[in-house]
Amino acid sequence: MQKPDILMTKPMLPVVEEQLDEAFTVHRLHAAEDPDAMLAEVGPKVRGIALSWAEVNDAFLAKFPNLEIVSSFGVGYDHVDTDACLRAKVMVTHTPDVLTDEVADTAIGLMIMTVRELGQAETWLRDGNWTKKGGYPLSQATLQGRTLGIFGLGRIGKAIAKRAESFGLKIAYYGRSQQAGVDYPYHASLVSLAEACDTLMVVAPGGAETQHAVNAEVLSALGPNGIVINIGRGSVIDEAALADALESGTIYGAGLDVFEQEPCTPERLMKLPRVTLLPHVGSASQATRNAMGQLVVDNLKSWFETGKPLTAVPEMK
Ligand code: OXD
């Protein structure tokens with residue numbers, strides 16, 4: 001039987017590429033000398049796409065008249081226009097669950113790094129300041145007694161909440177609606193959540209609905225002891241407003257794993273002392289990334305073998 005033709009948009013993990021090569025005829029867009037010419041030639045044959053962080057919209061979909069499925073690497077899929085996919089009758093899958101614990105662990109690590117300035121303290125040691133100047137200055141913030149406001153209490157948000165509870169933090173949340181069976185106090189607006197907490201954990205997905213939801217008003221409600229952690233999507237925070245709030249002391253600090261224009265990190269944030277910045281490493285351990293890659297493969301295989309995906313995005317269900 002002829003193997004289905006699929007397109008790969010960027011290099012993927014070896015364990016993924018090996019399995020895709022075995023099961024499919026793989027066309028590698030990133031390896032093409034002339035990507036447009038390649039798409040014109042193979043576009044009509046392509047029935048599946050193994051996607052890593054590339055934009056999918058009407059114009060892109062138009063190049064693949066026989067496309068059936070986009071199997072996207074990552075839990076977030078704000079780069080995929082799901083309405084356009086629904087119109088084109090293209091299934092979209094992502095890689096949830098397998099990364100939940102990893103991202104929750106990273107979120108807690110980032111929160112503690114930010115509150116206690118651990119990255120800055122390590123730089124102090126590595127720069128020889130411990131011997132030359134003495135101990136790192138006492139951190140003016142502490143984790144003890146904080147209230148964690150979670151924006152986006154989905155699978156990852158809940159895993160973060162569970163971990164934070166064991167650190168003795170009080171928890172509250174805001175999301176589209178109050179969740180049945182969840183005992184944490186619910187706030188009907190982000191401003192109300194920010195007023196009630198001093199540590200705002202952003203886990204919300206990107207997209208039009210959440211674009212710049214964390215704005216100047218929310219940051220001002222968080223207050224001078226306030227710390228913002230973002231493990232969700234960069235677009236959820238208005239970065240210019242965040243830099244203003246940090247520079248003016250409207251809030252205390254921030255820990256960010258995601259940014260509006262990755263991989264670019266705003267100069268203003270880079271210069272601020274009480275900010276911890278990570279290069280989008282939330283799920284980035286070898287084991288977790290392998291598991292996510294395996295789901296990309298398994299979704300494609302399942303689709304072409306049974307006509308059903310394993311982990312469709314909610315819009316498709
Ligand atoms: C993401 C991921 O969506 O790491 O950011 O999966």
Side-chain angles (χ1 to χ4, degrees), residues 8-17 49-57 69-82 85 91-111 113 150-160 163 175 200-214 228-237 239 254-265 276-300 309-316:
M8 195 186 289
T9 53
K10 289 194 185 146
M12 299 188 98
L13 295 164
V15 59
V16 176
E17 296 214 12
I49 296 182
L51 188 81
S52 37
W53 321 116
E55 199 176 333
V56 174
N57 52 25
I69 178 168
V70 171
S71 178
S72 182
F73 181 85
V75 66
Y77 52 94
D78 43 312
H79 47 289
V80 178
D81 181 342
T82 49
C85 291
M91 170 56 63
V92 180
T93 62
H94 64 149
T95 61
D97 300 324
V98 291
L99 47 51
T100 299
D101 287 330
E102 197 76 72
V103 177
D105 291 348
T106 310
I108 295 291
L110 178 56
M111 177 175 71
M113 279 183 79
I150 300 183
F151 174 19
L153 197 70
R155 286 172 282 228
I156 296 174
K158 287 191 177 113
I160 294 171
R163 285 159 172 73
L200 182 62
M201 177 68 76
V202 179
V203 202
E209 212 182 305
T210 57
Q211 173 82 17
H212 286 187
V214 178
V228 177
I229 306 296
N230 191 1
I231 195 81
R233 273 295 175 270
S235 59
V236 180
I237 297 185
E239 264 172 13
L256 309 172
D257 183 47
V258 286
F259 301 89
E260 281 195 62
Q261 303 292 336
E262 293 176 11
C264 300
T265 359
T276 299
L277 306 170
L278 297 178
H280 200 148
V281 294
S283 65
S285 73
Q286 187 72 60
T288 295
R289 287 287 170 89
N290 280 353
M292 291 160 66
Q294 190 61 50
L295 252 188
V296 170
V297 175
D298 293 348
N299 268 302
L300 286 166
L310 298 178
T311 49
V313 300
E315 289 85 340
M316 300 284 147

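Computed from a prediction, not measured in an experiment: that's the story for all the values here. Start at 1 and go down the list; that is how both ligands and their atoms are numbered.
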- Task: Among all protein heavy atoms, pick the one closest to atom 6 (O) of ligand 1 and tell me residue, atom and distance.
- Result: Val75 N, 2.8 Å
- Note on the structure: the protein heavy atom lying closest to atom 1 (C) of ligand 1 turns out to be Arg233 NH2, 3.4 Å
Number the atoms of ligand 1 from 1 as they appear, then name those within less than 4.0 Å of a heavy atom of [X], with their elements.
| X | answer |
| --- | --- |
| Met292 | 6 (O) |
| Ser283 | 2 (C), 4 (O) |
| Gly74 | 6 (O) |

- Can you check whether His280's main-chain N or O pairs, donor with acceptor, with Glu262's side chain at less than 3.5 Å? no
- Item | Which residues share a side chain to side chain contact (heavy atoms under 4.5 Å, CB included) with Ala284, sequence neighbours left out | Val281, Arg289
- Message: Nearest 0.5 angstrom please: Thr93 OG1 to Leu51 CG, how far?
- Response: 9.5 Å
- Query: Which part of Leu99 is near ligand 1, with near meaning a heavy atom under 4.0 Å away: side chain, backbone, both or neither?
  - Reply: side chain
- Query: For Asn290 and Gln294, does a side-chain donor sit closer than 3.5 Å to a side-chain acceptor?
  - Reply: no
- Message: Please verify the inter-ring angle class for Phe73 with Trp53; under 30° counts as parallel, over 60° as perpendicular, anything in between as tilted.
- Response: perpendicular
